[in-house]
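No experiment lies behind these values; they were computed from the predicted model shown. These numbers come from the heavy atoms of this one structure, side chains and all, not from hydrogens, waters or symmetry mates.
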Amino acid sequence: MMLEKFVDPLPIMETIEPISTQKGSDYYEVTMKEVNQQLHRDLPPTTIWGYNGQFPGPTFKVKRNQTVRVLWKNDLPNKHFLPIDTTVHGAGKKQPEVRTVVHLHGGATPDTSDGYPDAWFTRGFQETGPFFAEEIYTYPNQQQATTLWYHDHAIGITRLNIYAGLAGAYIIHDEEEEAMSLPSGPYDIPLVIMDRSFHSDGSLYYPSEPDPPTPGVHPSTLSNFFGDTILVNGKVWPFLEVEPRRYRFRLINASNSRTYQLSLSNGRPFIQIGSDQGLLSAPVTVREILLAPAERADVILDFSSETREYITIRNSGPAPFPTGSAPDPDTTGVLMQFRVIKPLQSQDTSRIPSALRHVPRLKKRHAFQMRNLPLNMVHDQYGREVHLLNHQLWDDPITEMPRIGSIEVWNFINITEGSHPIHLHLVRFQVLDRQPFDKEIYQREGRVVPTGTRIKPKPNEQGWKDTVCANPWEMTRIIVPFGPFTGLYVWHCHILEHEDYEMMRPYVVIK
Ligand code: C2O
Ligand code: CU
Ligand code: CU
């Protein structure tokens, strides 16, 4: 069945309100629930798991330095509706099937509130994982204005819990940004992008085995998952009616494995003003935006000279990225449509300042330590692909122990055939450069011999980031100031099928 495009309006997630304000901190409660939600006009309602029963979850809008406390409650059934592979780390038969833990992606959060994968809890906190610390999470929000997102992080089933619907947007505002007169209020809209597949009865389809199937394991995890349908804010190929004026859109790639290469159908550019960790130093005009899983792009679209135009956001990102097949221009090659048909409500007084905020460029000489971290792939006893960080398993002893306040350079040496979006919890970092190296020499002798110069990131990748795309047979170098907290965190590939199957490592920030 081919679903018709642009028949449903783009949903705008509701903004969550605090239940109370105590000692200067706002207190929220969010309950994870199984509900049915209509994801397309012609689809029967789909069973999803939503924060407060919504998919995507409600949007948090918080102010910098305003502490927020959240009680995340699990009111889900005890059975998962997606196929669990019990051979995957932490998802064994002895574990409760439905485990949840919430992580604020990109948040500088104390480790007890960071959503460590083993800090899971079941319905009503009846059972908790070995690292469970507290029921009410605290988010200090001390970081600069940016677009974060929250999502599930339970060990071994993150890919299934997020696929079921456990993700939402979390926006931090600050005074510096407010003084800029960027489009705001109803003209500032998060766009949560996900790919999904459906059975004809409307239920979510997630394969219970790869193609070809794994002998001896059922259900079996996959190396990648790509849906055949694109959803924005929980609707399949929606449309948005807009006024002829400027809008700010916060693009969030919340897909399991899919990397998007976004462009506009009328050939006009995006004006990108921010990346994962907030505003760039200056706006950048770009015709294409590459958005790997978990990455964000903050963009301005100016519809003022496009009255009566219909404009679609297109995707040309190959799946898997970068060597897979191109998306079908009729399905996964399209995200949504803008219709510039609403009358202008009032004069557009928004502006795009030529300078946004100061982003100091960190230099390699500021670093105290450098780590070479190969991204590699092996096969398990069943012949499946297992992606690893630095040749190590999730359960291997901790090897990355940066000191708080120190700056390190991490070199991701990708010796696989696919790109891996690498994410570090707690911190923000900058991309130093990427450099190709000789594949044959590496395979023969294990040596990294560059075949070209170090390539600086494009201007829209020169701001603060928390996720970086490490491409095959390249060394991607990032520079990371560690802090502001000590404690136990994780770093991992944000392709959820990789993260759940060993491409994740604990790390500790020490005193
Ligand atoms: Cu989106 Cu471990 O995070
Ligand atoms: Cu994170
Ligand atoms: Cu990966």
Side-chain angles (χ1 to χ4, degrees), residues 68 70 72 89-90 100-120 129 131-134 137-144 146-156 158-159 161-162 166-167 170 172 252-254 275-278 292-296 371 373 375 389-390 392 394 398-408 410 412 420-431 464-470 478-496 498-500 502-510:
V68 157
V70 186
W72 301 100
H89 66 214
T100 58
V101 63
V102 186
H103 169 59
L104 176 59
H105 180 116
T109 308
D111 67 346
T112 46
S113 294
D114 192 52
Y116 194 74
D118 277 322
W120 50 262
F131 284 79
F132 181 82
E134 54 200 6
Y137 273 18
T138 302
Y139 303 111
N141 299 315
Q142 282 157 6
Q143 56 206 103
Q144 290 175 306
T146 187
T147 309
L148 308 180
W149 61 298
Y150 61 99
H151 61 74
D152 192 78
H153 220 303
I155 188 79
T158 296
R159 70 192 183 291
N161 287 355
I162 295 180
L166 294 175
Y170 187 109
I172 302 180
I252 303 172
N253 183 356
S275 58
D276 305 340
Q277 286 283 318
E295 284 189 305
R296 284 90 70 208
R371 299 176 195 267
L373 301 160
L375 316 179
L389 299 170
N390 202 12
Q392 285 165 311
W394 164 248
I398 295 176
T399 42
E400 286 76 51
M401 287 183 273
R403 199 169 287 283
I404 188 165
S406 75
I407 298 178
E408 296 195 0
W410 287 22
F412 303 122
H420 300 279
I422 303 296
H423 168 52
L424 278 69
H425 284 210
L426 177 69
V427 294
R428 58 180 191 172
F429 57 72
Q430 291 177 2
V431 184
W464 291 104
K465 302 263 302 156
D466 56 47
T467 306
V468 63
C469 199
I478 62 168
I479 185 161
V480 198
F482 283 90
F485 304 111
T486 57
L488 176 63
Y489 293 92
V490 297
W491 66 285
H492 59 88
C493 175
H494 221 288
I495 291 178
L496 304 179
H498 297 180
E499 166 181 353
D500 267 349
E502 303 296 350
M503 207 174 199
M504 177 164 71
R505 292 279 295 152
Y507 85 91
V508 177
V509 180
I510 59 170

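Taking the side chain as every heavy atom from C-beta outward, Gln277 and Leu148 approach each other to under 4.5 Å. Side-chain contact between Glu400 and Glu408 is absent, with no heavy atoms from C-beta onward closer than 4.5 Å. Side-chain contact check for Gln143 versus Ile172: some heavy-atom pair is nearer than 4.5 Å. No side-chain heavy atom of Thr158 sits less than 4.5 Å from a side-chain heavy atom of Pro117. Between Val70 and Val102, the closest side-chain pair of non-hydrogen atoms is not below 4.5 Å. Looking only at side-chain heavy atoms (C-beta outward), Leu426 and Asp114 stay at 4.5 Å or farther from each other. Within the 4.5 Å cutoff, no side-chain heavy atoms of Ile252 are placed close to those of Tyr170. A heavy-atom distance below 4.5 Å is not found between the side chains of Trp72 and Thr100.
In this structure a side-chain-to-backbone donor-acceptor pair under 3.5 Å is missing from Tyr489 to Leu424. Side-chain atoms of Asp276 come within 3.5 Å of backbone N or O of Asp466 as a donor-acceptor pair. With hydrogens and angles ignored, the 3.5 Å screen pairs a side-chain donor or acceptor of Asp152 with a backbone N or O of Val101. A donor-acceptor pair under 3.5 Å is formed between the side chain of Asp500 and the backbone N or O of Arg159. Counting only distance, with no hydrogens or angles, the side chain of Asn253 and the backbone of Ala292 share a donor-acceptor pair below 3.5 Å.
Aromatic pair His492/His425: ring centres closer than 6.0 Å.
Tested against His494, the residues His103, His153, His151, His420 include a single ring-ring contact (aromatic ring centres under 6.0 Å, His included) partner, His151.
Between the CG atom of Asn390 and the OG1 atom of Thr399 there is a distance of 6.0 Å, given to the nearest 0.5 Å.
Classification of the Tyr137-Tyr139 ring pair by plane angle, with boundaries at 30° and 60°, yields perpendicular. Under the 30°/60° scheme for interplanar angles, the aromatic rings of Trp491 and Trp410 are found to stand perpendicular.
Checked by atom type, the side-chain pair Arg296/Thr146 shows no donor-acceptor distance below 3.5 Å.
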Could you walk me through whether Val490 and Glu499 satisfy the side chain to side chain contact (heavy atoms under 4.5 Å, CB included) test, starting with their C-alpha distance in whole Å, then the side-chain angles of each, then the deciding distance to 0.1 Å, before giving a yes or no?
CA-CA 11 Å; Val490 297; Glu499 166 181 353; over 6 Å; no
